[in-house]
Structures are given as structure tokens and as C-alpha cells.
Amino acid sequence: DRAPARLLQQALVRSWKRKNYAEAINLINKAKELNPTYAEVYKIAAFVKANGNDYLGAQEDYEQALQLFPDSPHILYFYGGFRAYHLNDSAGALELVERAAKADRGNKQIKALHARILTFLGRLDEAWVAFDELINNMTDEPSHFQIKTADMAIECLHRMTEQQNE
């Protein structure tokens with residue numbers, strides 16, 4: 001898996017830093033040829049396609065990645081985020097993120113996305129419980145994660161306040 005992994009790393013650099021999506025997809029296709037059953041190839045392909053606004057292609061690649069590795073918390077997490085942010089499918093995203101949480105119970109990134117999706121869905125009491133747990137257990141987390149999570153929690157509280165004032 002070293003050769004496909006190197007190609008994927010190069011594809012990420014091409015797409016992210018250089019915004020050269022065509023070259024990135026070409027590298028990903030080479031990685032697929034080398035190892036068509038390597039789920040990471042499809043996860044990276046989906047990520048690159050989503051950043052290039054090819055949402056249909058990204059969704060197809062996430063689905064293929066899940067067929068190859070259905071319990072991967074990373075694939076479930078990224079696909080859930082994609083469904084929430086790019087397809088506006090919070091219900092579908094929640095299902096994926098809940099599966100990711102079961103596969104990796106201690107992952108705080110997954111917990112934060114779960115709470116955010118609950119906020120999107122208007123399930124504010126559940127979201128707040130999740131945010132409260134995260135906030136009270138973040139002292140060892142990087143500051144950017146703490147700030148991002150606190151901002152999302154504030155958004156949840158703001159929505160709760162608006163809901164009470166209606």
C-alpha cells in the first residue's frame with residue numbers, strides 16, 4: 001500500500017495547496033489502478049472531489065469507501081461531515097456520525113460533529129448535553145479544537161435562547 005499512499009499524499013498536496021484538481025484526480029486514479037480495494041483511495045478521492053465541487057463524484061467515492069470498509073470511523077466521520085455541509089442532509093449525516101461514534105467511542109472530533117449535527121436538526125437539548133460533556137473534558141485538546149467546540153456550543157445556546165423566546 002506504499003505506492004498508492006504516496007500517490008494519495010501527492011494528490012492531497014496538488015488539490016489542497018495548488019488547487020490543481022485535475023492533476024490530483026489523475027494521481028488518485030493511478031492509486032486506484034494499483035490497489036482498487038484500498039478504501040483510503042476512495043476516501044481521499046471523495047475529499048478531493050468535494051473540494052473541487054464535484055459532489056456527486058464525492059458521494060459515489062464515499063459510498064465505495066464504505067463498501068470496502070463499512071466500520072471505518074474515519075470514513076464515516078468524513079462522509080457524515082460531507083453530507084451535513086455539502087449536501088445539507090443532516091439526518092443522513094447523523095446516521096453516519098452515530099456509526100462512527102460507536103466505532104470510536106473516545107474520539108472528540110466525532111463527538112463535536114455529532115453535537116453540531118444535532119444542533120442543525122434542532123435537537124438542542126441533546127446537542128447541549130454533548131457539548132457540555134466535550135467542554136468539560138477538553139483541557140488536553142489543542143486550543144483550535146477548544147475554540148471551535150466552544151463556538152459551536154455558543155451557537156447551540158444561542159438557538160436554545162431563541163427557541164425559548166418564541
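These values consider heavy atoms only, across backbone and side chains, with no hydrogens, waters or symmetry-generated copies. A quick note: this is a predicted structure, and the numbers were derived from the prediction, not measured.
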**OP:** Give a yes or no on whether the backbone of P36 and the side-chain of Y42 come within a donor-acceptor separation of less than 3.5 Å.
**Re:** yes
Original post:
Is the closest side-chain heavy-atom distance between L76 and V97 below 4.5 Å?
Top reply: no
**OP:** Check the pair M160, D125 against side chain to side chain contact (heavy atoms under 4.5 Å, CB included), reporting the backbone distance first and the verdict last.
**Re:** CA-CA 8 Å; M160 290 174 83; D125 290 334; 3.4 Å; yes
Subject >> Interatomic distance, N20 atom CG to I25 atom CD1 [nearest 0.5 angstrom] >> reply: 10.5 Å
Original post:
Going by distance alone, is a donor N or O of one side chain under 3.5 Å from an acceptor N or O of the other, for T37 and N35?
Top reply: yes
Original post:
In the single-linkage hydrophobic clustering (I, L, V, M, F, W, Y; side-chain heavy atoms under 4.5 Å), do I110 and L134 co-cluster?
Top reply: no
Original post:
What's the shortest heavy-atom distance between G122 and Q163, and which atoms?
Top reply: O-NE2, 4.4 Å
Original post:
Does L124 belong to the same Ile/Leu/Val/Met/Phe/Trp/Tyr cluster as L118, with side-chain heavy atoms less than 4.5 Å apart forming each link?
Top reply: no
Original post:
What distance do M138 atom CE and S143 atom OG have between them, rounded to the nearest 0.5 Å?
Top reply: 10.5 Å
**OP:** Find out whether L27 and L8 are in side-chain contact, i.e. whether some heavy atom of one side chain is under 4.5 Å from a heavy atom of the other.
**Re:** no
Original post:
Do you know the tightest heavy-atom contact between T149 and A112?
Top reply: OG1-CB, 4.3 Å
Original post:
Which pair of non-hydrogen atoms, one from A100 and one from Y77, has the smallest distance, and what is that distance?
Top reply: CB-N, 4.0 Å
**OP:** Output the distance between atom OG1 (T119) and atom NE2 (H114), rounded to the nearest 0.5 Å.
**Re:** 10.0 Å
**OP:** Taking only Lys NZ, Arg NE, NH1 and NH2, and the carboxylate oxygens of Asp or Glu, determine whether K30 and E33 approach each other closer than 4.0 Å.
**Re:** no
**OP:** Measure the shortest side-chain to side-chain distance between N107 and P73 over non-hydrogen atoms and say whether it is less than 4.5 angstrom.
**Re:** no
Original post:
Which heavy atom of A115 sits nearest a heavy atom of A127, and at what distance?
Top reply: O-CB, 3.5 Å
**OP:** Kindly compute the distance separating CG (L7) from CZ (R2), expressed to the nearest 0.5 Å.
**Re:** 14.0 Å
Original post:
Given side chains that start at C-beta, do those of V13 and Q10 come closer than 4.5 Å, heavy atoms only?
Top reply: no
Original post:
Side chain of N51, backbone of F47: donor and acceptor closer than 3.5 Å?
Top reply: yes
Subject >> Atom pair CD (E141) and CD1 (I135), whose distance is rounded to the nearest 0.5 Å >> reply: 12.5 Å
Original post:
Is E155 salt-bridged to R159, going by a charged N under 4.0 Å from an acidic O?
Top reply: yes
Original post:
What are the two closest non-hydrogen atoms of Q109 and F145, and how far apart are they?
Top reply: NE2-CD1, 3.3 Å
Original post:
So, E40 side chain and A5 main chain: donor-acceptor pair closer than 3.5 Å or not?
Top reply: no
Original post:
Looking only at heavy atoms, which two atoms of A39 and I75 are closest? And how far apart?
Top reply: CB-CD1, 3.9 Å
Original post:
Do you reckon I154 sits in the same ILVMFWY cluster as I117, going by side-chain contacts under 4.5 Å, direct or chained?
Top reply: no
Subject >> side chain to side chain contact (heavy atoms under 4.5 Å, CB included) assessment of K102 paired with E98 >> reply: CA-CA 6 Å; K102 286 179 186 173; E98 286 178 342; 5.5 Å; no
Original post:
When clusters are formed by joining ILVMFWY residues with side-chain heavy atoms under 4.5 Å apart, either directly or through shared neighbours, do Y21 and I44 land in the same one?
Top reply: yes
Subject >> Any donor-acceptor pair under 3.5 Å from S15 side chain to L12 backbone >> reply: yes
Subject >> Full working for side chain to side chain contact (heavy atoms under 4.5 Å, CB included) between E162 and N165 >> reply: CA-CA 5 Å; E162 285 179 338; N165 291 334; 5.9 Å; no
Subject >> Spacing of CG belonging to L94 relative to CZ belonging to R99, to within rounding of 0.5 Å >> reply: 12.5 Å
**OP:** Using a 4.5 Å cut-off on heavy atoms from C-beta on, say whether the side chain of V129 contacts that of D132.
**Re:** no
Subject >> Criterion side chain to side chain contact (heavy atoms under 4.5 Å, CB included) on L113 and Y85, from CA distance to verdict >> reply: CA-CA 11 Å; L113 180 58; Y85 299 121; 3.6 Å; yes
**OP:** Check whether Y55 and V48 end up in the same hydrophobic cluster, where Ile, Leu, Val, Met, Phe, Trp and Tyr are linked by side-chain heavy atoms less than 4.5 Å apart.
**Re:** yes
Original post:
In terms of heavy-atom contacts, does NZ of K108 have more than 12 from other residues, nucleotides or ligands at under 6.0 Å?
Top reply: yes
Subject >> Pairs touching residues 60-76 that satisfy side chain to side chain donor-acceptor pair (under 3.5 Å), sequence neighbours left out >> reply: K32-D61, K49-D61, E63-Y79
